[in-house]
Amino acid sequence: MKIYLAAEIRGIDGELASPAKIEHNLRLACQHAQVLREYFPEIEWIVPHENDIVNMLHKMHLVDSQSIIDAELELIRTVYDGVVVVGVYHKGTGVAQEIVACNESDKFLCILENTDEPERLFLARKIAEWIGETDEDNASIE
């Protein structure tokens, strides 16, 4: 299962977000990814926040935020099995667009406040339900 980890980088501030806020949110998303990988090693976690090349291209103004988001949305629609959102998100942000793309593609979606134990248990239940629904759907088609 390939799951895309979504977490706000610029948030509600959009292009006006400070470099310090962006760096903080990138580090936080990577910390959440590390926890999820430890507790869910069977999942291939796709973590855009870890992509130093894309981050540097953006920082150098060689690629804009919406172009990055558009590429991520296409991958969510066509390649990944679902999206896990960690943390708050705001209407109109990249994360909100990622949620819409996931829903429109009928993919797995789970929204977590953080990656502490209760949230990990919630995620595990949601994954189990999703896998069960998917298996039943496939069995009834054959």
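- When all heavy atoms of Val83 and Ala6 are compared, the pair lying nearest together is CG1-CB, 3.9 Å.
- Residues Glu72 and Ile68 are in side-chain contact: their nearest non-hydrogen atoms beyond the backbone lie under 4.5 Å apart.
- Within 6.0 Å of the CD1 atom in Ile53, the count of heavy atoms belonging to other residues, nucleotides or ligands does not exceed 12.
- A donor-acceptor contact shorter than 3.5 Å is absent between the side chain of Glu113 and the backbone of Glu119.
- With Ile43 as the fixed residue, the side-chain contact (heavy atoms from CB on, under 4.5 Å) test singles out one of Leu36, Leu123, Ile127: Ile127.
- Atoms OG and CD1, from Ser65 and Ile22 in turn, are 7.5 Å apart once rounded to the nearest 0.5 Å.
- A heavy-atom distance below 4.5 Å is not found between the side chains of Glu98 and Tyr89.
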Would you mind writing out the side-chain donor-acceptor pairs for residues 105-112 within the sub-3.5 Å range, not counting sequence neighbours?
| residue | atom | partner | partner atom | Å |
| --- | --- | --- | --- | --- |
| Ser105 | OG | Ala101 | O | 2.8 |
| Lys107 | NZ | Ile76 | O | 3.0 |
| Lys107 | NZ | Arg77 | O | 3.3 |
| Lys107 | NZ | Tyr80 | O | 2.6 |

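- Looking at every heavy atom in both residues, His58 comes nearest to Asp64 through CD2-C, 4.0 Å.
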Dump the intermediate steps for side-chain contact (heavy atoms from CB on, under 4.5 Å) on Val84 and Trp45, then the final yes or no.
-> CA-CA 9 Å; Val84 170; Trp45 292 98; 4.0 Å; yes
Where do Leu121 and Arg125 land on the side-chain contact (heavy atoms from CB on, under 4.5 Å) test, with the steps shown first?
-> CA-CA 6 Å; Leu121 291 172; Arg125 281 193 306 275; 4.1 Å; yes
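- In plain terms, the two heavy atoms of Leu5 and His49 that are nearest each other are O-CE1, 3.5 Å.
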Using a 3.5 Å cut-off and no angle test, enumerate the donor-acceptor pairs between side-chain atoms of residues 23-34 and protein atoms at least two apart in sequence or in another chain.
| residue | atom | partner | partner atom | Å |
| --- | --- | --- | --- | --- |
| Asn25 | ND2 | Ile9 | O | 2.8 |
| His32 | ND1 | Thr115 | OG1 | 2.9 |

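- Partners of Glu42 by side chain to side chain contact (heavy atoms under 4.5 Å, CB included), not counting sequence neighbours, listed by chain and number: Phe40.
- Among residue pairs with one or both ends in residues 31-40, those qualifying as salt bridge (charged side-chain N to carboxylate O under 4.0 Å, His left out) are Arg37-Glu50; sequence neighbours excluded.
- Both Trp130 and Phe122 are members of a single hydrophobic cluster when ILVMFWY side chains are connected at heavy-atom separations under 4.5 Å.
- More than 12 heavy atoms of other residues, nucleotides or ligands sit less than 6.0 Å from atom CD of Glu15.
- Val100 belongs to no hydrophobic cluster, as no Ile, Leu, Val, Met, Phe, Trp or Tyr side chain comes under 4.5 Å of its own.
- Under the side-chain hydrogen bond (donor to acceptor under 3.5 Å, both in side chains) criterion, Lys2 pairs with no residue, sequence neighbours left out.
- The minimum heavy-atom distance linking Val54 with Val63 is given by the pair O-CG1, 4.4 Å.
- Listed here is the closest heavy atom pair of Gln97 and Gly92: NE2-O, 3.9 Å.
- For the pair Ile3/Glu44, no side-chain contact is recorded, criterion being any heavy-atom separation below 4.5 Å from C-beta on.
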Could you check Val35 against Arg120 for side-chain contact (heavy atoms from CB on, under 4.5 Å), going step by step and ending with a plain yes or no?
-> CA-CA 9 Å; Val35 171; Arg120 292 190 311 266; 3.9 Å; yes
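- Clustering ILVMFWY residues whenever any of their side-chain heavy atoms sit less than 4.5 angstrom apart, transitively, puts Val85 in the very cluster that holds Val79.
- Criterion: ILVMFWY side-chain heavy atoms under 4.5 Å apart, direct or through other members. Under it, Tyr39 and Ile131 are part of a common hydrophobic cluster.
- Summarising the geometry, atom CG belonging to Leu57 is positioned 11.0 Å from atom CG belonging to Asp52; distances are rounded to the nearest 0.5 Å.
- Taking hydrophobic clusters as Ile, Leu, Val, Met, Phe, Trp and Tyr residues chained together by side-chain heavy-atom distances below 4.5 Å, Ile12 does not share a cluster with Val86.
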